[in-house]
Number of protein chains: 2
Amino acid sequence: MANILDVAKLAGVSSTTAKRALRTPELLHPATLEKVMRAVEALHYEADQRAGALRGGQGRAVGLVVGSIVEPFFAELARAIGQTLRKAGYSLIISENEYSSELDLQELRLMYGQRISAVIVRPGYGEHSREYLMRLQERGVFIVEVDYHLPEAPFNAVMLNHAECVRMGVRHLHSMGHHRIAALGTYDPILHPELRSKTFPHAMTELGLNVPIEYQSVGLLNEQTAYITTHRLMLLPEPPTALFALSGTQAVGAYHALRELNLIIPRDISLLTFDNYPWMGLVNPPIDSIEQPIQAMGEAAAKMVIDALDRKYTSNADEANTSSELLLNPYLEFSGRLIVRGSCAAPQKEPILTRSSAHRSKS
Amino acid sequence: MANILDVAKLAGVSSTTAKRALRTPELLHPATLEKVMRAVEALHYEADQRAGALRGGQGRAVGLVVGSIVEPFFAELARAIGQTLRKAGYSLIISENEYSSELDLQELRLMYGQRISAVIVRPGYGEHSREYLMRLQERGVFIVEVDYHLPEAPFNAVMLNHAECVRMGVRHLHSMGHHRIAALGTYDPILHPELRSKTFPHAMTELGLNVPIEYQSVGLLNEQTAYITTHRLMLLPEPPTALFALSGTQAVGAYHALRELNLIIPRDISLLTFDNYPWMGLVNPPIDSIEQPIQAMGEAAAKMVIDALDRKYTSNADEANTSSELLLNPYLEFSGRLIVRGSCAAPQKEPILTRSSAHRSKS
DNA sequence: TTGTAAGCGTTATCAT
DNA sequence: ATGATAACGCTTACAA
């Protein structure tokens, strides 16, 4: 309720001096400083960031749009980003786009209503939000993409090295003798335009393996789809000997399906997955997984934002960018780590599961 | 970049008229409306919510402080709250307090810098934030507590009926013949002042059971503590026959410990837990749990906020509260649901585990 | 049906 | 070392 003028009045100084007591105390006469601070305490004064930002200054709110906050990957990412940002005095406005660019657009609009000065976004699939993001950037909003990069978009980005991770996973399975490997999710430019499923067939080809047409299935990367796909795959005449889940959520669906089919991991089927979620160490055997450096990625994205806003605030007249590492490195890539725990093993010589035996064991 | 004046200028009208085109189009001459809308489109005008709020109007930002966003309970809660709030046009500022009231205070201050018009908070343990919350309320910020209620605090709240849930859990175990039941976490007015551990001994007493002193251990409700506590409990001369985890996170620690001790669930030990997390249906056997209606609780909290802000905005002159359900119901309680899946069974006649056998099996 | 003008809390600029 | 003032973009009386 109390504003800087109230403080000034109570301290018997001008608003300018009052504010200086808080921002540049060294410029003030100690006695004046003392008076003002006393008034601040008495009135419990707390600055209104909005008013300051309105005046043309630095906005202290940053937006974050994730795919889904209940996805542990994004929860952890949000935590890292939030902690880093808040430590620097920024507030975090969070929202979800459910991987759709239509929702993206909505959420970004709402955020821009608050005049966020930067936004970290996992873009949704589709073209609906691209133009708006560009407009935001023109208007001075600093944009950072995380996890997924819109094709040919001119934004800064913090990414996992998806392609390399897929190759690492495929090599892992291949080195154990697997030839019939299925990824849970097939690339599709519209429905599923992400890099992991896009890389998978190439990674296979590079090792002299191929992906049979019946192993392919386009779909979203949710649990339900993974569950259905796994069922379908394992009931094929020639089922895969190894399954590669492209996200932790897919792994949940796949695991459920394998349990229902009474398949023993890794005897009957090997399972490898992206993301290292807590339950994967809990089940028996624990699941091999490709872990992302989420904490580091979140911090990197947040620091990008902080640096950019600092720079903007500092070098207004200074046209040339003074050896800014980040402007030269707008696309940061992080490596994943393969965690081997026992859910992958050499395939059996003969397929252990035929269509009929699977049906029998289903009860 | 473009503001309402730019729009007005381009349309050849005043700023008032321009704004009316967006807020109360029915009051305008169709031709004028048309002109203005054309200008809005051309300039991609989007209102600055902060400026409006500054003028004294409705603030469009709401704060949410959770214990930890990586905790699935809070992630789901945040999702429900966020969705409901955003649908009503509010932006959500999120932050975490790690269950500590010192951090609470920090985070709330930061949020108030953005002049959030309401805050939904899972208060941290301790007294550091209470006074500040009261001050916020005096200043017109609408406060809703969730999950945990500060003792004797005058705030609205959305709660699980913790006590009833604990009783339900204890009854469940008792009905199967368990007498030696241990809760993972013992009440302590300072360190662990929450309702579940507080209720547990009472629930036991009500059934004629008692909680031996060696089953008690004060500590925070994290995974690590639960892990250690479980180890300790199971190596007692008279170990419990049933474990009651007071949160999903505790269950993770307990489960790990039980696996390490080579104890078979439910043959050697029964396990019951609060929170229904995905992995609990994945392991074998799946875990009995007490599920919270998170979605409903989140929606309720968000609606409380929306209603309160609507009311505030509407009835400025209207002193009397017009049959407002919510003012009469500032403390909403929700019931949990017991999900029985197989991790609880009748206890064995003789304790299956002695100190020495446990040690032997530890390798 | 449309327009004018004051003011919200802050800060940058220009005095003193 | 301190102060006066205008401006940020919007809303809301109050006019016309």
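Note that the structure is predicted; figures quoted are calculated from it, not measured. Residue numbering restarts at 1 for every chain, and letters A, B, ... go by the order of the sequence lines.
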Distance-only, no hydrogens or angles: does the [X] side chain make a donor-acceptor pair with backbone N or O of [Y] under 3.5 Å?
{"X": "A:Glu145", "Y": "A:Pro123", "answer": "no"}
{"X": "A:Lys35", "Y": "A:Val13", "answer": "no"}
{"X": "B:Ser100", "Y": "B:Leu103", "answer": "yes"}

Passes side chain to side chain contact (heavy atoms under 4.5 Å, CB included), A:Thr16 versus A:Arg20? Steps please. CA-CA 6 Å; A:Thr16 318; A:Arg20 273 199 274 252; 3.5 Å; yes
Heavy-atom pair with the smallest gap, counting every atom of [X] and [Y]:
{"X": "A:Gly298", "Y": "A:Ile81", "answer": "O-CG1, 3.4 Å"}
{"X": "B:Ile294", "Y": "B:Leu77", "answer": "CG2-N, 3.5 Å"}
{"X": "A:Ala157", "Y": "A:His149", "answer": "CB-ND1, 4.3 Å"}
{"X": "B:Gln295", "Y": "B:Ala80", "answer": "O-CB, 3.8 Å"}

Between [atom2] of [N] and [atom1] of [X], the distance in whole Å:
{"X": "A:Leu27", "N": "D:dG3", "atom1": "CG", "atom2": "C1'", "answer": "14 Å"}
{"X": "A:Leu5", "N": "D:dG3", "atom1": "CG", "atom2": "P", "answer": "12 Å"}
{"X": "A:Lys9", "N": "D:dA4", "atom1": "NZ", "atom2": "P", "answer": "12 Å"}
{"X": "A:Arg60", "N": "C:dG9", "atom1": "CZ", "atom2": "P", "answer": "21 Å"}
{"X": "B:Lys19", "N": "D:dT12", "atom1": "NZ", "atom2": "C1'", "answer": "13 Å"}
{"X": "A:Ile4", "N": "C:dC8", "atom1": "CD1", "atom2": "P", "answer": "15 Å"}
{"X": "B:Glu26", "N": "C:dT2", "atom1": "CD", "atom2": "P", "answer": "13 Å"}
{"X": "B:Asn3", "N": "D:dC8", "atom1": "CG", "atom2": "P", "answer": "8 Å"}

Under 3.5 Å, which donor-acceptor pairs link side chains of residues 90-97 of chain B to any protein atom two or more places apart or in another chain?
unit_1  : atom_1 : unit_2   : atom_2 : d
B:Tyr90 : OH     : B:Gln58  : NE2    : 3.3
B:Tyr90 : OH     : B:Arg60  : NH1    : 3.4
B:Ser95 : OG     : B:Glu107 : OE1    : 2.8
B:Glu96 : OE1    : A:Arg79  : NE     : 3.2
B:Glu96 : OE1    : A:Arg79  : NH2    : 2.9
B:Glu96 : OE1    : B:Ile69  : N      : 2.8
B:Asn97 : OD1    : B:Tyr99  : N      : 2.8
B:Asn97 : ND2    : B:Asp104 : OD1    : 2.6
B:Asn97 : ND2    : B:Arg122 : O      : 2.7

Proximity to DNA chain C (any heavy atom under 4.0 Å), residues of residues 46-54 of chain B only: B:Leu54
Please work out which residues in residues 131-139 of chain A have a non-hydrogen atom less than 4.0 Å from an atom of DNA chain C and list them by number. none
Atom pairs under 3.5 Å, N or O on each side, protein against nucleotides 3-5 of chain C: can you list them with distances?
unit_1 : atom_1 : unit_2  : atom_2 : d
C:dG3  : OP2    : B:Ser14 : N      : 2.9
C:dG3  : OP2    : B:Ser14 : OG     : 3.3
C:dG3  : OP2    : B:Thr17 : OG1    : 2.6
C:dG3  : N7     : B:Arg20 : NH2    : 3.2
C:dT4  : O4     : B:Thr16 : OG1    : 2.6

Does a side-chain heavy-atom distance below 4.5 Å link A:Ile143 with A:Asn156? no
Can you tell which of D:dT2, D:dT12, D:dC8 lies closest to the side chain of A:Arg55? D:dC8
Residue A:Leu28, side-chain heavy atoms: nucleotide from D:dT2, C:dT1, C:dT11 that is nearest: D:dT2
Residues that B:Asp48 engages under side-chain contact (heavy atoms from CB on, under 4.5 Å), provided they are two or more places apart: A:Leu54, A:Arg115, B:Arg50, B:Ala51
Based on the rotation axes of five pairs at each end, what angle does the helix from C:dT1-D:dA16 to C:dT16-D:dA1 bend through, to 10°? 40°
Is it true that atom CD of A:Glu152 has more than 12 heavy atoms of other residues, nucleotides or ligands lying nearer than 6.0 Å? no
Before you tell me yes or no, could you show the steps for B:Arg139 and A:Glu46 under salt bridge (Lys or Arg N to Asp or Glu O under 4.0 Å), namely the whole-Å CA-CA distance, both residues' side-chain angles and the distance that decides it to 0.1 Å? CA-CA 12 Å; B:Arg139 288 173 175 176; A:Glu46 291 176 84; 3.1 Å; yes
What's the spacing between A:Thr17 OG1 and A:Leu33 CG if we round to 0.5 Å? 11.0 Å
